[in-house]
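Just so it is clear: chains get the letters A, B, ... in the order the sequence lines come, proteins before strands, and each one is counted from 1.
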Protein chains: 2
Amino acid sequence: MIEHSVHVQCGECPIRHRAVCARCDTDELSRLEQIKYYRSFQAGQTIIWSGDRMEFVGSVVSGIASLTQTMEDGRRQMVGLLLPSDFVGRPGRPTAAFDVTATTDLVMCCFRKKPFEELMSTTPHVAQRLLEMTLDELDAAREWMLLLGRKTAREKIASLISIIARRDAALHHRRASGALSVDLPLTREEMADYLGLTLETVSRQISALKRDGVISLEGNRHVTVPDIDRLLEEAGDDNDGGMLV
Amino acid sequence: MIEHSVHVQCGECPIRHRAVCARCDTDELSRLEQIKYYRSFQAGQTIIWSGDRMEFVGSVVSGIASLTQTMEDGRRQMVGLLLPSDFVGRPGRPTAAFDVTATTDLVMCCFRKKPFEELMSTTPHVAQRLLEMTLDELDAAREWMLLLGRKTAREKIASLISIIARRDAALHHRRASGALSVDLPLTREEMADYLGLTLETVSRQISALKRDGVISLEGNRHVTVPDIDRLLEEAGDDNDGGMLV
DNA sequence: GCCTCGCGTTGATCTGCGTCAAGGAGCCGC
DNA sequence: GCGGCTCCTTGACGCAGATCAACGCGAGGC
């Protein structure tokens, strides 16, 4: 009998799946094990095109994937950022609604969609767990909407850094406190697509935050934040709970 | 035995609930009936404050509610627009994450949260139906993110009109075709909060669309669209399926 | 009648960010 | 070494949309 837990370790996956149910039993888990397989993708590779038939659902094991939407004239907006332990897929839907791209080299733990859906319809916990996760994503999307609609470029950058820091801390089960350092897993252009800006503005604002001592950089991607509260203030968030994981 | 259907008529509600299950039986429905009640709200009234303890979930029966987020300095972003048949509430979560306000006079059909959740955990169909609805909302939120991040003011207005027209057509089970007319249920300021603009820009762009013959106005709120495809083109949507409900 | 209030429109001006352009740093292949 | 990448930075300039301000219109109170 597996320990009662929100997350469950699944086979040789390095992460604990959020996809599996909250109150699992060995039977459920073994059924999941039977239908799962791994897939690897290279950085830049498109995993799914919007409109494609979806044959699987799954979680990100390592690496980063992004959900994007592109207009005919090429304007692009990222609408989802998938870090390890995030779920991909829309159970009950035949096709994908957005493009999914591997931003870095990526490993996913997939479940064939049909059997997964069958599992879902017979074990209520799986459906409830998925609902919980989808509600989390919806909340995140709505925070993101505030960022896109009302925040300034500087606030957007500060928000992005704090979002990544928070996710990173949650992933490694540690609490962020005092100073902290993060690797930005995105290029300037990807950050721009995330934030609804241009890459030049992203670059300028990062330089400005650095100049003002809010962050410091080693290389292009590695950020250290001397004072998290200062960063959150710059982000314009009503610092509720702060960096609590 | 109730007819097998995606939507189910619930008691004296004028609408068919999307909240109830796809493959319902009389037993489930009667359990829903036992825990449901109606609440009315006046236009402008706040239904739930962000952070409040949620005591109920439910659907909008008539009228319009909006989900909003406000920053400390007063900048406001609408993050959800709840039309009749839309579901409110986050099963499994103790508190609300956003403000919910009645935009017009409003009637809701509520279910006490605790028994609803119990029903959900015992009848897998309810959880699956809710998952489906939440995924729909997530998709809508992601489309909205493209709008907020990358569209011009003119495209935003055109998008808003077509979104409302589409929702309106879906609600009344008719297909939009050729010309069509819609009532905008929002003030200019609410539209601005929806679109991440100022009310002045909203007003100017509506005037511009009117001047260019894309729409025409009777009064401030009633819009008629002579050519839907033209509007969709202005909205910058890759017109897939167009106004199909 | 008049006044007020909410909502909408329009004009003048300002500014944050986009656009265009040039150049630097690191990396790989040869 | 050199050329050709990709990624990033910085500067100059322009414009879409914000800001500030005035005014129009209809509804309701008295």
*Nearest whole angstrom, please: distance from the P of D:dC25 to the CG of B:Leu217.*
16 Å

*Can you tell me if the side-chain N/O atoms of A:Arg221 get under 4.0 Å from OP1 or OP2 in D:dC7?*
no

_Across nucleotides 19-24 of chain D, 5' to 3', mark each nucleotide with B, S or - according to how protein heavy atoms within less than 4.0 Å reach it._
BB----

*Can you tell me how far the CH2 atom of B:Trp144 sits from the CD atom of B:Glu137, to the nearest 0.5 Å?*
10.0 Å

*Heavy atoms only: give me the nearest A:Val88-A:Ile48 pair and the separation to one decimal.*
CG1-CD1, 4.4 Å

*Taking all heavy atoms of B:Leu180 and all of B:Ala165, pick out the closest pair and write down the distance.*
CD1-CB, 4.1 Å

_pair A:Arg167-A:Leu81: side-chain heavy atoms closer than 4.5 Å_ = no

*Flag yes if more than 12 heavy atoms outside B:Glu218 fall under 6.0 Å of its CD atom; otherwise flag no.*
yes

*Whole Å only: how far is the CD atom of A:Glu218 from the C1' atom of D:dC8?*
17 Å

*May I ask you to say what A:Leu199 touches in the nucleic acid, namely base, sugar-phosphate or nothing, with a heavy-atom cut-off under 4.0 Å?*
base

_Bend angle of the helix from C:dG1-D:dC30 to C:dC30-D:dG1, from helix axes over five pairs at each end, nearest 10°_ = 30°

*asked:* I need the CD1-P distance between A:Ile206 and D:dC8, as an integer number of Å.
replied: 8 Å

*If you look at every strand shown and take non-hydrogen atoms under 4.0 Å, does A:Ser203 touch a base, only sugar-phosphate, or nothing?*
base

*Looking at A:Val60 and A:Met108, what are the two nearest heavy atoms and their distance?*
CA-CG, 4.3 Å

*A:Arg93 and B:Asp136 ion-paired at < 4.0 Å*: yes

*asked:* Looking at every heavy atom in both B:Leu148 and B:Tyr194, which two are closest together, and how far apart are they?
replied: CD2-O, 3.8 Å

*A:Leu184 versus A:Val223, closest heavy-atom pair with distance*: CD1-CG2, 3.6 Å

_Inter- and intrachain pairs under side-chain hydrogen bond (donor to acceptor under 3.5 Å, both in side chains), touching residues 148-160 of chain B, at least two apart_ = A:Arg75-B:Glu155, A:Asp193-B:Arg150, B:Lys151-B:Ser159, B:Lys151-B:Asp237, B:Thr152-B:Glu155, B:Arg154-B:Asp212, B:Arg154-B:Glu234

*Touch check for A:Gly196, heavy atoms < 4.0 angstrom, all strands: base, sugar-phosphate only, or nothing?*
sugar-phosphate

_Terminal contacting nucleotides, 5' and 3', DNA chain C versus chain B (heavy atom, 4.0 Å)_ = C:dG8 to C:dA12

*Return the minimal non-hydrogen interatomic distance between A:Ile164 and A:Pro185, and the atom names on each side.*
CD1-CD, 3.8 Å

*Taking the side chain as C-beta and beyond, is there a heavy-atom pair between A:Gln69 and B:Glu143 under 4.5 Å?*
yes

*Could you give the CE-to-P distance, from B:Met191 to D:dG17, as a whole number of Å?*
17 Å

_So if I take residues 141-158 of chain B and measure heavy-atom distances to DNA chain C, which residues fall below 4.0 Å?_
none

*asked:* Does B:Met54 form a side-chain contact (heavy atoms from CB on, under 4.5 Å) with B:Arg90? I'd like the steps, not just the answer.
replied: CA-CA 8 Å; B:Met54 287 285 295; B:Arg90 314 195 302 158; over 6 Å; no

_Rounded to whole Å, how long is the line connecting atom CG of A:Asn220 with atom P of D:dC8?_
6 Å

_Non-neighbouring partners of A:Thr224 that pass side-chain hydrogen bond (donor to acceptor under 3.5 Å, both in side chains), sequence neighbours left out_ = A:Ser216

